[in-house]
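For reference, the structure discussed in these notes is given below.
In this text the structure is predicted, and so the values were computed from the model without any measurement.
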Amino acid sequence: MPRLTLLFLVALLALAARLGAVDASIVDGLEVGFYGQSCPDAEGAIRNVVNNEIGMNRGITPGLIRLFFHDCFITGCDASILLDESPAGDVPEKESSANGFTLVGLRTIDIAKSTVEAMCPRTVSCADILAFAARDAAVAAGLPSYDVAAGRRDGMRSNMDDLPGNFPVPGHHVPRLTELFNQRGLTQEDLVALSGAHSIGGAHCFMFSNRIYGFSKDADVDPSLDPDYAAQLRQVCPPKNPNNDPQQAPKVKFDARTGERLDTAYYSELLARRGLLTSDNALIEDTQTRAMVEAFARDEVMWQQKFAEAMQKVGMLDVLIGEDKGQVRRQCRLVNGQEKQQQPQQQQLLPWFRQRRPPRPFPHHPMGDLINGFFRGFH
């Protein structure tokens, strides 16, 4: 038997011995069934927490998917978005204008982490918990289940300055959105498929008020909007007032038809000129992405498959793998060692109510100014 073939067989046998009875596949260093031996009930426990939390608040569903995407798109899937503090003293990602008070689902991740830590201490990373929770939220909203490869480790830095210029915002059009996705190894098809997450959840009025008030010198309302839809939006959303508290701003569902179910109604709404954000409507103004929108609107099974595949690709962005990379945090909000600075009672009872510094706007930067324009008032 040739020596290379023998070595390959030995490697396969070693892998099979390590995995035992777990049916696992390896994808770019991550494994489906990664915790099959070290914490076999982890995925089930996380799923139970997610389902229980969603049962109490349906708004957690889009929030968990958004958390996962916002984490992975900036510096990779390292749970950096969950950090309340950075060891380097940087203002963390969650305090940025693109995140801030709009982040939903943090408490769910805290509960999932506490649950898994009680079962298997220092074993399951926060980055993996976030990936599992996003999948479970999508399934709870109607998507068929899909495999999530695991083995990520948690990063030890988080800096909101990583976002400007590197992250999609509501005012982007297809060329810029495509460029940002391509920079992360994602395709234009991934962009359109993942935009389907907007079939659940919604947006605060200030994120799209530029389309229904003072759109241009010639039109107060964006003419690409369905007039009846625009009139409905104006009934819900008053003109912008800089003195208003953005946290109290009304919120509008992305999809008024089936707003709690992940489905292709979002694409049908786009074609009916009822896309809420500029970045949503942009998908039907570009010929290439419009063709994809039309295809997804016709074939929900195809979209479900493409959405799941795109989520799996997102979950592999710049992951930390191996004992020499990152760590497995004991708490998702703090790197190991920082949690000792907390008061014991606060750590034990309410880890998600930590006092945080006031959010700050992005430093002056062309994209930072744009993001602050869409999220003005967060600070």
Nearest heavy atoms of Lys94 and Leu103, plus distance in Å:
CB-CD1, 3.7 Å

Does any non-hydrogen side-chain atom of Asn159 lie less than 4.5 Å from one of Val91?
no

Heavy-atom side-chain proximity of Thr264 to Ser199 below 4.5 angstrom:
no

Show your reasoning for whether salt bridge (Lys or Arg N to Asp or Glu O under 4.0 Å) applies to Asp226 and Arg273.
CA-CA 5 Å; Asp226 171 69; Arg273 299 165 58 197; 5.2 Å; no

Heavy atoms, side chains only, cut-off 4.5 Å: are Ser125 and Ile129 in contact?
no

Positive for side chain to side chain contact (heavy atoms under 4.5 Å, CB included) with Phe208, one of Thr278, Leu276, Asp222
Leu276

For the side chain of Trp303 and the backbone of Ala193, is there at least one donor-acceptor N/O pair under 3.5 Å apart?
yes

Would you find a donor on one side and an acceptor on the other, under 3.5 Å apart, between the side chain of Asp286 and the backbone of Ala282?
no

I want to check something: taking the side chain as every heavy atom from C-beta on, are Arg122 and Arg329 in contact at a cut-off of under 4.5 Å?
no

Please walk me through it: do Arg66 and Thr102 pass side-chain hydrogen bond (donor to acceptor under 3.5 Å, both in side chains)?
CA-CA 10 Å; Arg66 184 171 181 259; Thr102 65; 3.1 Å; yes

Suppose we call two aromatic rings close when their centres sit under 6.0 Å apart. Are Phe181 and Phe73 close by that rule?
yes

Would Arg211 and Ser224 count as having a side-chain donor-acceptor pair, cut-off 3.5 Å?
yes

Count the heavy atoms of every other residue, nucleotide or ligand shown that sit under 6.0 Å from NZ of Lys325, and state whether that count exceeds 12.
no

Do the side-chain N and O atoms of Arg157 and Thr75 include a donor-acceptor pair separated by under 3.5 angstrom?
no

Distance (rounded to the nearest 0.5 Å) between Glu93 CD and Asp71 CG:
6.5 Å

Calculate, to the nearest 0.5 Å, the distance between atoms NE2 and OG belonging to His70 and Ser96 respectively.
8.5 Å

Using a 3.5 Å distance criterion without hydrogens, assess whether the side chain of Thr178 forms a donor-acceptor pair with backbone atoms of Pro175.
no

Side chain to side chain contact (heavy atoms under 4.5 Å, CB included) between Leu106 and Leu82: does it pass, once the steps are laid out?
CA-CA 7 Å; Leu106 294 169; Leu82 303 177; 3.7 Å; yes

Under 30°, 30 to 60°, or over 60°: which ring-plane class applies to Phe206 and His204, parallel, tilted or perpendicular?
parallel

Show the numbers, then the answer: is there a salt bridge (Lys or Arg N to Asp or Glu O under 4.0 Å) between Asp78 and Arg152?
CA-CA 7 Å; Asp78 58 358; Arg152 303 166 188 81; over 6 Å; no

Reported NZ-to-CD distance for the pair Lys253 and Glu269, which is rounded to 0.5 angstrom:
12.0 Å

Looking just at side-chain N and O atoms, do Asn281 and Glu285 make a donor-acceptor pair shorter than 3.5 Å?
yes

Is the backbone N or O of Leu283 less than 3.5 Å from a side-chain atom of Thr289, with the two atoms forming a donor-acceptor pair by type?
yes

Can you get from Tyr213 to Tyr229 by hopping between Ile, Leu, Val, Met, Phe, Trp and Tyr side chains that sit under 4.5 Å apart?
yes

Indicate, with yes or no, if Leu163 and Leu83 share a hydrophobic cluster defined by side-chain heavy-atom contacts under 4.5 Å among Ile, Leu, Val, Met, Phe, Trp and Tyr.
no

State whether the side chain of His172 and the backbone N or O of Val169 hold a donor-acceptor pair below 3.5 Å, judged by distance alone.
yes

Run the salt-bridge test on Arg107 and Glu53 with the 4.0 Å N-O cut-off and return the result as yes or no.
yes

For the pair Ser268 and Arg257, evaluate side chain to side chain contact (heavy atoms under 4.5 Å, CB included) and give the outcome as yes or no after the intermediate values.
CA-CA 10 Å; Ser268 298; Arg257 293 169 51 194; 3.6 Å; yes

Residues Tyr35 and Asp128: side-chain donor-acceptor under 3.5 angstrom
yes

Rounded to the nearest 0.5 Å, how far apart are CG of Asp228 and CG of Leu233?
11.0 Å

Under a 4.0 Å N-O cut-off, is there an ion pair linking Arg184 with Asp318?
yes

Please give me the minimum heavy-atom distance between Ala138 and Phe307, naming the atom from each residue.
CB-CE2, 4.5 Å

What's the verdict on side chain to side chain contact (heavy atoms under 4.5 Å, CB included) for Glu323 and Arg153, showing C-alpha distance, side-chain angles and the deciding distance?
CA-CA 8 Å; Glu323 294 293 330; Arg153 288 172 65 84; 3.8 Å; yes

Does the pair Lys313 and Glu309 meet the rule for a salt bridge (Lys or Arg N to Asp or Glu O under 4.0 Å), with working shown?
CA-CA 6 Å; Lys313 289 172 68 174; Glu309 290 173 354; over 6 Å; no

Got a donor-acceptor contact below 3.5 angstrom from the Gln312 side chain to the Val148 backbone?
no

Grouping I, L, V, M, F, W and Y whenever their side-chain heavy atoms are under 4.5 Å apart, do Ile74 and Leu180 come out in a common cluster?
yes

Could you walk me through whether Val50 and Leu64 satisfy the side chain to side chain contact (heavy atoms under 4.5 Å, CB included) test, starting with their C-alpha distance in whole Å, then the side-chain angles of each, then the deciding distance to 0.1 Å, before giving a yes or no?
CA-CA 9 Å; Val50 169; Leu64 289 172; 4.0 Å; yes

Where is the tightest heavy-atom contact between Arg330 and Lys113, given as atom of each residue plus distance?
O-CE, 3.5 Å

Nearest-0.5 Å distance, CG of residue Asp90 to OG of residue Ser158
8.0 Å

Hey, any chance Ile65 and Leu317 share a hydrophobic cluster, counting ILVMFWY side chains that come within less than 4.5 Å of each other, even indirectly?
yes

Judged by atom type as modelled, is there a donor-acceptor pair below 3.5 Å linking the side chain of Asn182 to the main-chain atoms of Glu179?
no

Within this structure, what is the OG-CD distance for the pair Ser86 and Gln338, rounded to the nearest 0.5 Å?
7.5 Å

Check whether any side-chain heavy atom of Cys126 sits under 4.5 Å from a side-chain heavy atom of Ile109, and report yes or no.
no

Output yes when a side-chain donor or acceptor of Asp41 lies under 3.5 Å from a complementary backbone atom of Gly44, and no otherwise.
no

Main-chain N/O of Ala127 paired with Asp154 side-chain donor or acceptor, under 3.5 Å
yes

Answer with yes or no whether the hydrophobic clustering places Met207 together with Val252; edges join I, L, V, M, F, W, Y residues whose side-chain heavy atoms lie under 4.5 Å apart.
yes

So, for Val335 and Gly155, which heavy atoms are closest and what is the spacing to 0.1 Å?
CG1-O, 4.2 Å

Within the 4.5 Å heavy-atom criterion, are Ile81 and Asn99 side-chain neighbours or not?
yes

In short, Ile200 meets Leu262 closest at the heavy-atom pair CG2-N, 3.7 Å

Between Tyr267 and His198, does the ring pair (Phe, Tyr, Trp, His ring centres under 6.0 Å) criterion hold? Intermediate values first, please.
CA-CA 9 Å; Tyr267 299 103; His198 281 183; over 10 Å; no

Can you name the closest pair of heavy atoms from Cys120 and Ser38 and give their distance?
SG-O, 3.9 Å

Looking only at the side chains, is there a donor atom on one of Thr258 and Asp263 sitting less than 3.5 Å from an acceptor on the other?
yes

Tyr266 ring center within less than 6.0 Å of Phe254 ring center
no

Heavy-atom distance under 4.5 Å between the side chains of Glu260 and Thr61, does that happen here?
no

